[in-house]
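Below: the structure, in C-alpha cells.
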Amino acid sequence: MREGVEQSLPQVLKLQVPRLRALGFMAGRARAIDLKLRLALRVAALAAVCFLAVAAYALFDSDRAARAKVSHIAEIVARDISLQQAQAHWFTLSSERTPDLQRVAAPLMEPGLCVAYQDKVGAFRQGICSGALPEETTAPESYAALYRAIFHPGEPISRPLLIEGETQGVAVATFDPAMQIGQSWREASRLLSIMAFALAGLCLAVYAALARALRPTHVIRGGLTRLAANDLSTRLPSFDLAELSAISDVFNALAQKLEAALAERNALTRKLIAVQDDERRHLARELHDEFGQSLTAIAAQAASAAHTAERECPPLLEECRGISRTTAGLMASLRGALVRLRPPDIEELGLALSLESLVASWNGFEKGRTRFDIAVIGEVDDLPPSVCASLYRIAQEAITNAAKHAQAGRVQLRLEAGPGDIVLSIEDDGNAMGGNLAPKAGMGLLGMQERVASLGGTLHFERPVAGGTRLVATIPNTGPES
C-alpha cells in the first residue's frame, strides 16, 4: 500500500510541467511569426487595399473630369459658332461664310486640346490644335496600355450647331491621348508616392502601438518559464488590458494551487520517509536481537559440537566446521545489512565522518576490486539533521547501485555545500547500464527521488564524455538549523 502511495507522489508536478511546456514557449518547433509583425502586416494589407481603391477612384474621377471639360469646351464652341452663323443670317451675310473659330478657341486652348468645326454634310471646315509639352506625354508603356484599355482617352466629343432649330453642323473637341495619359500618370505617381509614405508610417505606428500593448506578454512568458522550472512562488502582476489581467488571475491561481500541492506532497513525503526510517530501525533492531542472537547461539553450538567431535567422532569435525563457517558468513551479511538499515549516528559523528566511514566500509568489502573515493567541500556538519540523513541515504543507495550494477573500477563521491545549493554527486566509470541514461526505477531511484523532492531539490543523471554515469542531487542550502 505504501509503495503505491510513493509511486503516485511524483505525479503531482509531472502532470503539470508537461502541460506548461506544451504551451510552446519552450517546445522545439517551427518558429512562429511574431504577433506584432503579423497584425502590422494585416493592417498594412488592409490599408494598401484602401489606398488602391482611393487611387482607382482618383483615376476614374480624373477621366470623368477630363471628359466633362472637353464636353464643356465643345458646348462653348458649338454655341459660339451657332451665334456667329445666326448673326451672319441676321445681317444678310453669306450663309457660306466660315465662322471665326479662332475667336472662341483662343481663350479655351491648352496643351493637347483640339477643337474643330464641321458643316452639316460632315465636311471639315476649320480646326485648331495646341501642341502638347514633351514632359506631359511621358508615361510607362504598361501604364499607357492599361489606361487606354480602361478609359479610351482621346475620344472626340461633338456638340450640334443649332440655328433656328436646325442642325447646321457639329463642333468637335478632344484631348491628345498621350497628353491625357501623361497627366494621369503624373497625378497617379504623385498620389501613390504619398500613399506609400503614409503606408510605411502607418505600419511603423501600428507596430509600435502593438509592441507597447503586448509588452506584458514578455512578463507572462517569463512567469510561465519560471513556473515550468518549478519556481512555484512566481506570480504575475495585474495588467491594464482585461484579457491579460484574466490570464494573470488564472496563472496566479494555478501557481498557488501547485505551490500548495507541492508543499503537501513534500510534507507527506517527509512523513513517509520518517516512517520508512522508523521501519528500518525497527527491522534492524529485530534482526539484531532475534536473528543475530540466534546466529550467535548457532555459532556457539557449532563450536561445541566441533570440540566434541574432535574427541569422540572425528568424521563429524569437518561438518561442524562448515556450520561455523556458514554461520560466520551469515553474521557478516547481517552486519552489512544492519549498517545499511541503521546508519551511524550522524548527529554524533557528523555527515562528513559518516560518509567517510561508508566509503571506507565499501573499500574494505570490495578489497580493491572497486575503489571508492570521497571529497567533501564546505561546512556540511551544521546542516539540519533531516537534510544530513537524506544526503546520507542518497549517497548510500547510489554507492550500493554503483558497486552492484555498474561494474565500475572507480566510484567518486563528492559533496559540496555552497551558499545557495548543496550538490551531491556520485560518479562511476562503469558501463553496466548500457545505453540508458538513467538507472532503472527498481534500483532505489524512487527512494532517492522522493528524498530529494522532499527537500525541494532536483535529481538527474548524466553521461560524462569519458564514459560511466554521474548522479547529481541538488538541494537548496537553508543553512544551519536554528
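These numbers come from a predicted model, not from an experiment. Position 1 is the first residue of the sequence; numbering continues from there.
Under a cut-off of 6.0 angstrom, the local environment of NE2 in H72 is sparse, with at most 12 non-hydrogen atoms contributed by other residues, nucleotides or ligands. No more than 12 heavy-atom neighbours from other residues, nucleotides or ligands sit within 6.0 angstrom of CZ on R371. Atom CZ of R470 sits in a crowded spot, with more than 12 heavy atoms from other residues, nucleotides or ligands closer than 6.0 Å. Counting non-hydrogen atoms of other residues, nucleotides and ligands closer than 6.0 Å to CZ of F124 gives a total above 12.
What you find for S184 and L59 is that their closest heavy atoms are OG-CD2, 3.4 Å. The heavy-atom pair separating G182 from A139 by the smallest distance is CA-CB, 4.4 Å. Considering every non-hydrogen atom in both L459 and Q449, the closest pair reads CD2-CG, 3.6 Å. Of all heavy-atom pairs spanning P476 and L455, the tightest one is CD-O, 3.4 Å. Closest of all the heavy-atom pairs between V452 and A473 is CG2-CB, 4.0 Å. Across every non-hydrogen atom of K36 and L210, the tightest pair is O-CD1, 3.7 Å.
A side-chain donor-acceptor contact under 3.5 Å links R410 and Q412. Side chain to side chain, Q183 and R186 fail the donor-acceptor criterion of an N or O pair below 3.5 Å. Defined by atom type and a distance below 3.5 Å, a donor-acceptor pair is present between the side-chain atoms of R463 and T469.
Judged purely by atom type and a 3.5 angstrom limit, S193 uses its side chain to pair as donor or acceptor with the backbone of S189. When atom types are taken as modelled, the side chain of N477 and the backbone of I422 share no donor-acceptor pair closer than 3.5 angstrom. Of the possible donor and acceptor atoms, none in the side chain of T234 sits under 3.5 Å from a partner among the backbone N and O of G223. Between the side chain of S454 and the backbone N or O of R451, at least one donor-acceptor pair lies under 3.5 Å.
Atom OG1 in T174 sits 12.5 Å away from atom CE in M179 (nearest 0.5 Å). Rounding to the nearest 0.5 angstrom, the gap separating the CD atom in E427 from the CG atom in D373 is 11.0 Å. Between L202 atom CG and Y207 atom OH the span is 15.0 Å, to the nearest 0.5 Å. With values rounded to the nearest 0.5 angstrom, L192 atom CG is found 11.0 Å from L199 atom CG. Taking CG of D80 as the reference point, atom OH of Y117 lies at 12.0 Å (rounded to 0.5 Å). Between atom CG of residue L224 and atom CG of residue L236 there is a gap of 7.0 Å, rounded to the nearest 0.5 Å.
Between E259 and R235 there is a salt bridge, since at least one side-chain N of the basic residue sits less than 4.0 Å from a carboxylate O of the acidic one.
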Could you walk me through whether Q180 and D63 pass side chain to side chain donor-acceptor pair (under 3.5 Å), step by step?
-> CA-CA 9 Å; Q180 186 174 349; D63 179 74; 3.3 Å; yes
Check against side-chain contact (heavy atoms from CB on, under 4.5 Å), Y143 and I181 = CA-CA 8 Å; Y143 180 83; I181 294 174; 4.2 Å; yes
Just do the side-chain contact (heavy atoms from CB on, under 4.5 Å) check on E110 and S130 with the steps written out, would you?
-> CA-CA 6 Å; E110 58 182 80; S130 177; over 6 Å; no
Can you check side-chain contact (heavy atoms from CB on, under 4.5 Å) on L351 and D381, steps first, answer last?
-> CA-CA 5 Å; L351 179 59; D381 292 332; 3.9 Å; yes
Verdict with reasoning, L471 to L424, per side-chain contact (heavy atoms from CB on, under 4.5 Å) | CA-CA 8 Å; L471 179 146; L424 173 65; 5.9 Å; no
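Proximity of I220 to S248: side-chain heavy atoms (C-beta onward) are nowhere separated by under 4.5 Å. Contact check for V380 versus L391: no side-chain heavy atoms found under the 4.5 Å cut-off. Annotation: side chain of L108 is not in contact with side chain of V115 (no heavy-atom distance under 4.5 Å).
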Residues 237-244, side-chain donor-acceptor partners within the protein, below 3.5 Å, at least two apart:
none

Kindly list each side-chain donor-acceptor pair under 3.5 angstrom involving residues 146-163, sequence neighbours excluded, with atom names and distances?
unit_1	atom_1	unit_2	atom_2	d
H152	ND1	R148	O	3.3
R159	NE	E75	OE1	3.4
R159	NH2	S71	OG	2.3

